[in-house]
There are 2 protein chains.
Amino acid sequence: MSVGIRHDDLRRRNRAMVLSAVRRAGQPSRTEIAATTGLSHSTISAISSDLIHEGILAESKPSETASLKRGRPQVGLALSPEAAAVVTVVLSLNFLSVAVIDYAGQVVAEEQRRLDTLTMPRDELIGECTAIVRRRLEDPDLDVGSVARIAMGIQGITDSHARAMLWSPITPLTDIPFADILEKEFGIPATMENDCNMMAVALQWRDPDRYRDNFIAILLSHGIGMGLVLKGELFTGTHSSGGEFGHMIHRPGGALCRCGRRGCVEAYAGNYAIWRSAMGMSEDAEPVDVGDAEMRSLAAKAREKDGPEREAYRRAGEALGFGLGSLFALIDPAPVAMVGVSAAAFDLIEPALREAIAQTAGGQHSKSISFDTEPNELPLIREGCAMRALTFVDQEIFAPGVQARTGKQFA
Amino acid sequence: MSVGIRHDDLRRRNRAMVLSAVRRAGQPSRTEIAATTGLSHSTISAISSDLIHEGILAESKPSETASLKRGRPQVGLALSPEAAAVVTVVLSLNFLSVAVIDYAGQVVAEEQRRLDTLTMPRDELIGECTAIVRRRLEDPDLDVGSVARIAMGIQGITDSHARAMLWSPITPLTDIPFADILEKEFGIPATMENDCNMMAVALQWRDPDRYRDNFIAILLSHGIGMGLVLKGELFTGTHSSGGEFGHMIHRPGGALCRCGRRGCVEAYAGNYAIWRSAMGMSEDAEPVDVGDAEMRSLAAKAREKDGPEREAYRRAGEALGFGLGSLFALIDPAPVAMVGVSAAAFDLIEPALREAIAQTAGGQHSKSISFDTEPNELPLIREGCAMRALTFVDQEIFAPGVQARTGKQFA
DNA sequence: CAGTATTTTTTCGAGGCTCGAAAAAAAGCC
DNA sequence: GGCTTTTTTTCGAGCCTCGAAAAAATACTG
């Protein structure tokens, strides 16, 4: 049951609102903030004065176009970079990447590392993750505010509380409580996020006009993943991280999927599935890892001439189309972003995909569905993790209950 | 962008919260309301005193068990029946039913009518709907507060603003703006709701323990419909009313569906599909209407001995299972209520359904998924419409901005 | 049966928040 | 340099919620 609004919540929520408006708009003036939040000028003045005194916001020079206008120039408000910092950790197949990001969202330090995730034992994998974070945090050159949050992203299934990796294609290991591990190791609140969800979060910040209330981010990589935003909010399941779009059933009893079941969308559209089909292998053949370079040359071959390679992409498009069609039957069509190495081959996938969608209930407006492609998923995932961590700081650290705020103010 | 909280909103929201607590709990005392809302006793005292003076709430005798306890007995607060009234209109195949309901949720008048919806011309269908409402409203015996809302429910697709019927299986007519028609005719705000969504709303009120945050209501009738509640809120699409579960693709290119496409879940699990299959007709045969009595005797035959009837139900279960499995891959498993005439034959459907789910990604916890059945959909739909209309009154009429409230208070 | 204990509800003053109006500030314009 | 325009701050008023204390209404106890 939702809870009543107490009097103290008022200021707390409006503080969060102001911070959110500044993060979104970049350097809005107090007047602009008043307009977007619907609060009065006096309230915005009071809140921003507080935030400036607390070192969370800073006044910046008026924007360059300001000199054209008549009256008193607007003073832009910006996030104070040194107010806090966050750390992002992205663990993907054979690759680990960490970044330290200031409160204004700028990357101030980073480190990347290749490692063999598929064969690494549990302790070693965890050890690599904590070690790389420790190196960045203990770097004497690092000059940021106190680190307030760690957000880790991983391909696979995470639990619904964003605490643990339950299963991932990058390692045979399961149920690693990364959030707890990082919190215990560094004493900093941490979360474990699903990669596709972070892609969706990043898209929402990168292009809010296109990706606002309802959209879908699909990862076309070794596996097929999905991040779904509905009504402006990330949709995550009640038990696990999010939609297992790749494991919707395309053909009951069909091709063998990495998950062990048959007929999943991924068993037709994952890299290994496209490869398997292009090589003329059986649909029952065990999934194998295919490198990005191989996939790119496969796509080149498919573009060159009609043959089993092109047919493999066509079948991938068909599977994705039926999957999307079923999804659209449930949630109404929405913009789609295709991310990952096979998104670079979307020209080979799109025709069959559109044809399949058109045969489904969700395909009534199939022509109006627009697709965007982004071949490189890692920057998106990192960006999503960063924004996730930063908005947490905005809302939970810098706009807490009154007690905590005054505590900080006079400490 | 979400908007800041203005000072006046505070009281408005807390009033709404109190009304909601009373509607949910029945006859809670002020102390109980304070506990569930988290507001202080003084605030609850002030708000409920207002609401009582405005005639919206009334004190009722303490509950019978009160006499056991020691101190001052709790005074129950109840919704004042005469504070307002709402009207529900449910239009289904060959059947029109209207009820007038008081603010406390009791039916105070009703009328039902058989009519031939499939052949009726547009004007006549609209005319019947407005006429039956007019008769109930103008009945001199009717003794209720002013009617504040009309909620109409219909099987089929409604637009996302709950204003119009876009398409319905009960009539060849399309795009009837019932909400506008009713508003214009009676000067009372009206909405046009989807039947399955209303079933879900009703279930949430009937059994809040079982149907709270995430659950699914599936209508097994001529067509297959779904009402979906996620995070405690009805999920409706952005363009149309809700999930077209029945038109998810079960077998690409498969059996002919009423919608004209092929392979939809409905083309295997709708009454007409079960009938078609049981009678040994082709999967391409045109869908025909099958009466409830025929369906019941079909189910009886299927229970009696193994044969084409039993096989037809088995195939229906398989289609429903794969559809549910795909859905659960996206949203995590949740309790399911099967409603409608074929829900009475769920014993015939369930084994194949569970088997199909177990083969899908959503089926990991398939044994834990629980099904409930309710053969009669009409009472549920009406109840959902009633609650929808009443909660609208709670929130929009009795907890409006400050101006309107004081206006009402002193008028 | 009167006094005490217990629980619910109301009252009352304090503190905090937002708002509107007016004032102050900071420019460009003439 | 005065006037206009726009932004920002200041200030008093009005609400709202809260906590503490008081009042109300009952059961228990000897």
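Fair warning: this is a prediction, and the values are worked out from it, not measured in the lab.
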A:H7 or B:S49, whichever maps to the more 5' nucleotide of DNA chain C: B:S49
Run the salt-bridge test on [X] and [Y] with the 4.0 Å N-O cut-off and return the result as yes or no.
{"X": "A:E193", "Y": "A:R163", "answer": "no"}
{"X": "B:R12", "Y": "B:E396", "answer": "no"}
{"X": "B:R212", "Y": "B:D209", "answer": "yes"}

Under 3.5 Å side-chain donor-acceptor pair for A:S45 and A:S42: no
May I have the distance from [X] (atom [atom1]) to [N] (atom [atom2]), rounded to whole angstrom?
{"X": "A:L77", "N": "D:dT7", "atom1": "CG", "atom2": "C1'", "result": "12 Å"}
{"X": "A:I47", "N": "C:dT18", "atom1": "CD1", "atom2": "C1'", "result": "9 Å"}
{"X": "A:D9", "N": "C:dC17", "atom1": "CG", "atom2": "P", "result": "11 Å"}
{"X": "B:D8", "N": "D:dA13", "atom1": "CG", "atom2": "C1'", "result": "14 Å"}
{"X": "A:R30", "N": "D:dT6", "atom1": "CZ", "atom2": "C1'", "result": "14 Å"}
{"X": "B:R15", "N": "D:dC15", "atom1": "CZ", "atom2": "P", "result": "15 Å"}
{"X": "B:H41", "N": "D:dA21", "atom1": "NE2", "atom2": "P", "result": "16 Å"}
{"X": "B:E59", "N": "D:dA25", "atom1": "CD", "atom2": "P", "result": "11 Å"}

B:T43 side-chain proximity, nearest of D:dT17, C:dT10, C:dT8: D:dT17
Minimum-distance nucleotide (side-chain atoms of A:P73 versus D:dT26, D:dT17, C:dA26):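 Ranking D:dT26, D:dT17, C:dA26 by closest atom to the A:P73 side chain puts C:dA26 first.
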Centroid-centroid distance, B:F398 to B:Y103, less than 6.0 Å: yes
Side-chain N or O of B:N14 closer than 4.0 Å to phosphate OP1/OP2 of D:dC16: no
OP1 or OP2 of D:dT17 under 4.0 Å from side-chain N/O of B:R11: yes
Pairwise 5' ranking along DNA chain D for A:R6 and A:S29, keeping only the more 5' one: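 Taking each residue's closest nucleotide, the earlier one in sequence belongs to A:S29.
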Sugar-phosphate, base or nothing in reach of A:S42, heavy atoms under 4.0 Å: base
Donor-acceptor pair present, B:R70 side chain and C:dA5 base, under 3.5 Å: yes
Distance-only donor-acceptor test (3.5 Å): side chain B:R72, base C:dT7: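 Side chain to base: no pair below 3.5 Å.
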